[in-house]
Number of protein chains: 2
Amino acid sequence: MQKDKRHRIMQAAEFLFGTKRVHEVTLEQVAQQADVGKGTIYLYFTDKEDLLFQTAVSGFDEMCQILREKAAQPGMFRERLLRTCAEIVEFFQVRRPLFRIVLSEGERVMESGGPGLRQRWRKRRQTMTEAVSELLEQGMAAGELRTDMPARVLAEYLLGLLRTRSWELEGWPESQRSHASVVDLFLRGATPSQAAPLSQQNERNH
Amino acid sequence: MQKDKRHRIMQAAEFLFGTKRVHEVTLEQVAQQADVGKGTIYLYFTDKEDLLFQTAVSGFDEMCQILREKAAQPGMFRERLLRTCAEIVEFFQVRRPLFRIVLSEGERVMESGGPGLRQRWRKRRQTMTEAVSELLEQGMAAGELRTDMPARVLAEYLLGLLRTRSWELEGWPESQRSHASVVDLFLRGATPSQAAPLSQQNERNH
DNA sequence: CACGACTGACTGACCAGTCAGTCAGTTCTT
DNA sequence: AAGAACTGACTGACTGGTCAGTCAGTCGTG
């Protein structure tokens, strides 16, 4: 019961900060939810801001971890891509509050955090994008991906699509937003095709 | 000098709320920036929350307005699509703070706002997406877009890509994230093609 | 002067952060 | 083994500062 408390505090923070606005969350609530005295929070975190930032960062790291693991598993490019995206989607779903914190905190840090924070954050973000873009580079090498855009850029777009799937399209039937359909859209684009979805394309123009 | 003040207050709010966190923005600051007494704010808005919400909503409406205008202009599908996306990108750039508010406020409202607010917000959002998805439906009718996904869903993905372009890819050279390249990615996808980008596609498989 | 738009000093609520005190557990002493 | 002495993790009542929201008063205009 020691690192345990730290962990419980962060869990509570993850939930609360991900559910309400920062200033609507009282450290007393966090303490209560973590079943810990308010003062205890200050044993592990310097202040509210620190708690928030650490929560965001640790969630981010966790996600990178999972991502790298999945992306690194052996297999053909498309197979790995599909698996990785499935994992991302899963993570977004299960850890929704965390996801929210990472999104909004990231924005905030990049916009108005000190240069130190900004640097730290940028590094993490890069780590995450890299996990995906390394995968995409494999696809490029295999001739399965266009090479006229940097892998990093493509990775951002792919992540953007996944985020849209989980965020804006929340509530739509799963069948219309399966991770497979996102990957398909990413790979094939929005133009029609009479051929098998994942292996061929046809021409069609105005 | 009457509706003028209301407008000035909203301008100041747009800037401040879009730059800092909500609780870091003092109504005194807003008043100062708007060159108005603090009390005046309460003549036009019931409270801080109301000011924030109205600012977000009005910005949203403004964007819908512009979008509908652009999307409704005559022309071939691809041409119109390109023009509309250019407009969105432009708007995101020029009104960055507003854009931030809309993003985070939207999230917040949908997550924890009352059902009344949520309903109002959903309606606006729908209006916006519809402007795009009507355009996409034209593309479908012309056989230029896949029809196995609802136009609404495709519209969300397209907007997601544009958001990624403006947000995550901020700082990248304009040449690597032109709105044309986003549209190209959306239409053609990420698979390679030796032919002219916007009119033909080739097959290539693993 | 009458009316209403406007102002900004004021107040009460709220909350981050503190710190004096508690007590479970551990080590020392006999 | 018993209990005395100590430790430091933990707590929560308290404090000082901040700020949303108020309202008594000012100003400008008709």
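Here is how names work: the chains are called A, B, and so on, in the same order as the sequence lines, proteins then strands, and each is numbered from 1.
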Legend entry - A:Ile41 CD1 to C:dC15 P, straight-line distance once rounded to whole Å: 14 Å
Inset, instruction - Report the distance from atom NZ of B:Lys48 to atom C1' of C:dC14, rounded to the nearest whole Å. - result: 13 Å
Legend entry - Contact list for DNA chain C against residues 10-22 of chain B - heavy-atom distance below 4.0 Å: none
Inset, instruction - Mind checking the CZ-CZ spacing from A:Arg118 to A:Arg108? Nearest 0.5 Å is all I need. - result: 10.5 Å
Legend entry - Value in whole Å for how far the C1' atom of C:dC6 lies from CD1 of B:Ile9: 11 Å
Legend entry - Ion pair check, A:Glu69 and A:Arg83, cut-off under 4.0 Å: no
Inset, instruction - Respond yes when some side-chain nitrogen or oxygen of B:Tyr44 is under 4.0 Å from OP1 or OP2 of C:dC6, and no when none is. - result: yes
Inset, instruction - Starting at CZ of B:Phe186, measure out to OG1 of A:Thr191 and round the result to the nearest 0.5 Å. - result: 9.5 Å
Legend entry - B:His23 NE2 - C:dC14 C1' separation (whole Å): 13 Å
Legend entry - A:Arg96 and A:Glu170 ion-paired at < 4.0 Å: yes
Inset, instruction - Could you tell me whether B:Arg68 and B:Glu87 make a salt bridge, using a distance below 4.0 angstrom between a side-chain N and a carboxylate O? - result: no
Legend entry - Rounded interatomic separation in angstrom, taking NZ from B:Lys5 and P from D:dG28: 11 Å
Legend entry - Value in whole Å for how far the P atom of D:dC10 lies from CZ of A:Phe45: 12 Å
Grab the N/O contacts between the protein and nucleotides 12-14 of chain D below 3.5 Å, and write none if there aren't any.
residue: D:dG12; atom: N7; partner: A:Gly39; partner atom: N; Å: 3.3

Inset, instruction - Before accepting this row, confirm whether a basic side-chain N of the pair B:Arg152/B:Glu130 lies closer than 4.0 Å to the acidic partner's carboxylate O. - result: yes
Inset, instruction - Just compare D:dG21, C:dG17, D:dC10 and give me whichever is closest to any side-chain atom of B:Tyr42. - result: D:dG21
Inset, instruction - Let me know which of A:Val94, A:Ile88, A:Val89 forms a side-chain contact (heavy atoms from CB on, under 4.5 Å) with A:Phe92. - result: A:Ile88
Inset, instruction - To the nearest 0.5 angstrom, please state how far the CG atom of B:Asp184 sits from the CG atom of A:Asp148. - result: 7.5 Å
Inset, instruction - Output the single nucleotide from C:dT7, C:dG17, D:dG21 whose closest atom is nearest the side chain of B:Leu43. - result: C:dT7
Inset, instruction - Would you classify A:Val30 as touching base, sugar-phosphate or nothing, given that sugar-phosphate means primed atoms plus P, OP1 and OP2, and contacts are heavy atoms under 4.0 Å? - result: nothing
Legend entry - Note: A:Glu90-A:Lys70 ion pair, threshold 4.0 Å (strictly below): no
